*Asks:* 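Just passing along the structure, written as structure tokens.
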Amino acid sequence: MAEWETLSGMISRGLSLNNLLVMKFGGTSMGSADRMRVAANIVSEQQRKRPVVVVVSAMSKVTDLLLETLRHAEVGDRTAIDANMLTLLDRHLSAAGELLAGAARPLRDSAVEAVHSLISEFHRIANGILMLGERPPRSVDEAIAIGERLSAVLLAHYLESTGVPSQAVNGSEVIITDAVFGNASPQMDLTRRRAQEYLLALAEAQTVPVVTGFNGATVDGRPTTLGRGGSDFSASILAAALDAEELWIWTDVDGIMTADPRLVSDVAVLDEVTYAEAAELAYNGAKILHPRTLAPLVEKRIPVWSKNSFAPHKPGTKIVSHFDEPKGARAVTSMSNVALISMEPTNAVLSTRLMARALDALALANVEILVLTSSSYRQSFCFLIRKHDVTPALEALESNLSIELAHGYLKPIEVDENVGLLAVVGEGMRGTPGLAGRVFTAISRENINIIAIAQGSSELTIGIVVRLDSLERAVRAVHEECQLGKISSVAQAN
Ligand code: ASP
Ligand code: MG
């Protein structure tokens, strides 16, 4: 008790542990009993050296299964719901059985009971949706966070069984967000207070908190989620809130690569990238990190390591705030699930503020623009968006510009889904004259037609839109031309 009082006094004065490590394990790193054992080994190894806070994803494919179950519920398909419930129960009970086979009876019982009770909670929400015939976003968020709650319970129990004191923590207790269900953003001051109160006390008492990634709650306790893949973001929110020394993100690849290894054969793992480079890569389709992950860390310069739990002794990629000597282009990435929307007025004089109004309408409809190019002479412009945003984008544009469209001041809006985006990223591109020209030449040499080009104002990224069937060739041509595979860390890739 005396110790506790000292600690809470320390926390209320805003002090924190100065060598805290936050580690996040993704879905494949939590995907089976075997994988969870590996994760637990990594945790206990680090925990001997410094305080650790763990953040976990749901077991691989569980979030998809939960979402699919809720869609079955909405249309009243009981048989499909029941089948999914069995799969869910079986997957978690088998993992619990395997992990805790040798554990003390009360620990095993407690894990099995927790799994049953969480799955019943999910079932109850699914039944509510079935009765209602619709899926309110708030209920969806509450339901799908159960994937992470299940995996957190399993890992925490297993850690306990190996002698590492541990406690599963629901992210909704420590991450306070706005009320944008399905894509919430953290309120950092409130989160900081909650997270420090709750998690530092555990860490200080040598108990490893295993926090669910992906979810949070509004200040009045309504459950939210941070967007698909949001566990990375949870981990960075907590690392920032707790002033962690480092954040390690465990995945199933060796780190951030110069290109997608499925498209390019001689990719290399990058030793280091900057926050800005990693964020640009993530926003432009590299599936390394949730795109919002880095923002909370920038101000405090908390370094992030992206590591492979299938090869834990490889160093991985370190994400830092800056390098002294940035080198040219660093990586190339691509996105194929995109569409190009073109708008062209028939009469420039009558169509003032067209682009501003279109952009406004898209922002209100929550449609993100990936690339925008315009011709000031013809007042025409085109922009690239994600394919799943095409319907809301067209609805927003057509309703906001209905008069212009009806009177023929604006040509019918064109949608081209047969396109892909390639992005070349690197801090050093700013200071490398001629690089853009070389990239375009390399693409043209392959007889690939460039449809649109956009260079971000940061000059860190060049975005190029090409026909979808030439996207992969374009990626290979750029990777080759910029000699991305021949960087110093190439040895790491093997
Ligand atoms: N389980 C969530 C998802 O699949 C969050 C995450 O894994 O990062 O989107
Ligand atoms: Mg992920």
Side-chain angles (χ1 to χ4, degrees), residues 26 28 229 249 251-274 276-289 291 306-308 310-311 314-319 326-338 370-371 384 418-429 432 434-451 453-456 460-494:
T28 45
I249 295 189
T251 65
D252 54 5
V253 291
D254 285 349
I256 300 179
M257 303 200 197
T258 53
D260 182 341
R262 286 167 302 184
L263 306 186
V264 178
S265 56
D266 64 334
V267 294
V269 176
L270 294 155
D271 290 333
E272 280 192 327
V273 299
T274 63
E277 287 173 339
E280 288 284 343
L281 288 169
Y283 274 107
N284 287 292
K287 292 186 181 61
I288 39 155
L289 279 178
S306 164
K307 284 172 168 286
N308 188 354
F310 291 75
K314 289 192 182 175
T317 301
K318 187 176 187 186
I319 310 174
K327 307 173 225 113
R330 310 264 294 155
V332 51
T333 178
S334 61
M335 261 168 116
S336 53
N337 51 348
V338 291
L370 304 166
V371 164
L384 194 74
N418 182 23
V419 294
L421 171 69
L422 169 155
V424 201
V425 175
E427 297 272 3
M429 292 184 2
T432 313
L435 189 78
R438 268 173 52 207
V439 166
F440 303 145
T441 312
I443 294 178
S444 315
R445 214 184 290 130
E446 293 285 314
N447 286 322
I448 297 170
N449 190 19
I450 294 177
I451 301 170
I453 296 172
Q455 181 151 26
L460 200 77
T461 301
I462 303 172
I464 299 170
V465 180
V466 297
R467 283 274 150 247
L468 192 53
D469 58 8
S470 47
L471 182 61
E472 295 186 6
R473 271 192 301 133
V475 168
R476 283 192 280 270
V478 172
H479 195 266
E480 178 70 35
E481 174 66 33
C482 299
Q483 305 211 322
L484 298 178
K486 300 193 176 55
I487 57 164
S488 58
S489 55
V490 70
Q492 240 199 60
N494 309 309

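None of these values were measured; they are calculated from a predicted model.
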*Asks:* How long is the straight-line distance from CG of Leu471 back to CG of Leu263, given to the nearest 0.5 Å?
*Replies:*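 Rounded to the nearest 0.5 Å, the CG-CG separation comes out at 7.5 Å.
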*Asks:* Could you report the tightest heavy-atom contact between Thr432 and Gly328, atom names first, then the distance?
*Replies:*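 So the two residues come closest at OG1-CA, 3.9 Å.
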*Asks:* May I ask you to say whether Arg262 pairs ionically with Asp260, meaning some side-chain N is under 4.0 Å from a carboxylate O?
*Replies:*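 Asp260 and Arg262: salt-bridged.
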*Asks:* Looking at side-chain heavy atoms only, is the closest gap between Cys482 and Val332 below 4.5 Å?
*Replies:*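 In short, these two side chains do not touch, never coming nearer than 4.5 Å.
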*Asks:* Looking only at atom types and distance, does a side-chain atom of Thr251 sit under 3.5 Å from a main-chain N or O of Lys307, one as donor and one as acceptor?
*Replies:*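 Indeed, once roles are kept as given, a pair shorter than 3.5 Å links the two residues.
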*Asks:* Can you name the closest pair of heavy atoms from Ile450 and Phe440 and give their distance?
*Replies:*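 Result for this residue pair: CD1-CD2, 3.9 Å.
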*Asks:* So, the side chain of Glu277 versus the backbone of Glu427: is there a donor-acceptor pair under 3.5 Å, distance only?
*Replies:*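 Flag set: sc Glu277 to bb Glu427 pair under 3.5 Å.
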*Asks:* Taking the side chain as everything from C-beta on, heavy atoms only, tell me whether Leu421 gets closer than 4.5 Å to Val465.
*Replies:*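 Heavy-atom side-chain distance check passes, below 4.5 Å.
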*Asks:* Shortest non-hydrogen contact from Val267 to Ala259?
*Replies:*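 Heavy-atom minimum between the residues: CG1-O, 3.4 Å.
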*Asks:* Given side chains that start at C-beta, do those of Leu422 and Val466 come closer than 4.5 Å, heavy atoms only?
*Replies:*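 Leu422 vs Val466: side chains apart.
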*Asks:* Salt bridge check, Glu446 against Arg476: does any charged N sit closer than 4.0 Å to a carboxylate O?
*Replies:*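 Glu446 and Arg476: not salt-bridged.
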*Asks:* Just how far is it from atom CE of Met335 to atom CG of Leu468, taken to the nearest 0.5 Å?
*Replies:*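 Reported value, rounded in 0.5 Å steps: 12.5 Å.
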*Asks:* Could you tell me whether the side chain of Asp254 reaches within less than 4.5 Å of the side chain of Lys314, counting heavy atoms only?
*Replies:*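 Result yes, sub-4.5 Å side-chain heavy-atom pair found.
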*Asks:* Can you check side-chain contact (heavy atoms from CB on, under 4.5 Å) on Leu289 and Ile319, steps first, answer last?
*Replies:* CA-CA 11 Å; Leu289 279 178; Ile319 310 174; 3.8 Å; yes
*Asks:* My understanding is that only one of Thr461, Val424, Leu370, Val371 makes a side-chain contact (heavy atoms from CB on, under 4.5 Å) with Asn284; could you say which?
*Replies:*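 Testing Asn284 for a side-chain contact (heavy atoms from CB on, under 4.5 Å) against Thr461, Val424, Leu370, Val371 leaves exactly one candidate, Thr461.
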*Asks:* Rounded to the nearest 0.5 Å, what separates atom CD1 in Ile443 from atom CD in Glu481?
*Replies:*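 Taking CD1 in Ile443 and CD in Glu481, the distance rounds to 10.0 Å.
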*Asks:* For Gly285 and Thr333, work out which heavy atoms get closest and say how close.
*Replies:*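 The pair with the smallest heavy-atom distance is C-OG1, 3.6 Å.
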*Asks:* Does atom CD of Glu272 have more than 12 heavy-atom neighbours, drawn from other residues, nucleotides or ligands, at distances under 6.0 Å?
*Replies:*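 Yes.
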*Asks:* Below 4.5 Å, heavy atoms only, C-beta onward: do Arg467 and Ile451 meet side chain to side chain?
*Replies:*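 In short, these two side chains touch, coming nearer than 4.5 Å.
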*Asks:* Indicate the atoms forming the closest heavy-atom contact of Val338 with Gly420, along with that distance.
*Replies:*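 Smallest heavy-atom distance, with atoms named: CG2-CA, 3.8 Å.
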*Asks:* Under the 3.5 angstrom rule, does the side chain of Thr258 hit a backbone N or O of Ala268 as a donor-acceptor pair?
*Replies:*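 Indeed, once roles are kept as given, a pair shorter than 3.5 Å links the two residues.
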*Asks:* Give the minimum heavy-atom separation between Gly485 and His479, together with the two atoms involved.
*Replies:*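 The pair with the smallest heavy-atom distance is N-CE1, 3.4 Å.
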*Asks:* Quickly, which of Leu484, Leu270, Leu281 forms a side-chain contact (heavy atoms from CB on, under 4.5 Å) with Arg330? Name it, please.
*Replies:*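 Going through Leu484, Leu270, Leu281 one by one, the side-chain contact (heavy atoms from CB on, under 4.5 Å) with Arg330 is satisfied by Leu270 alone.
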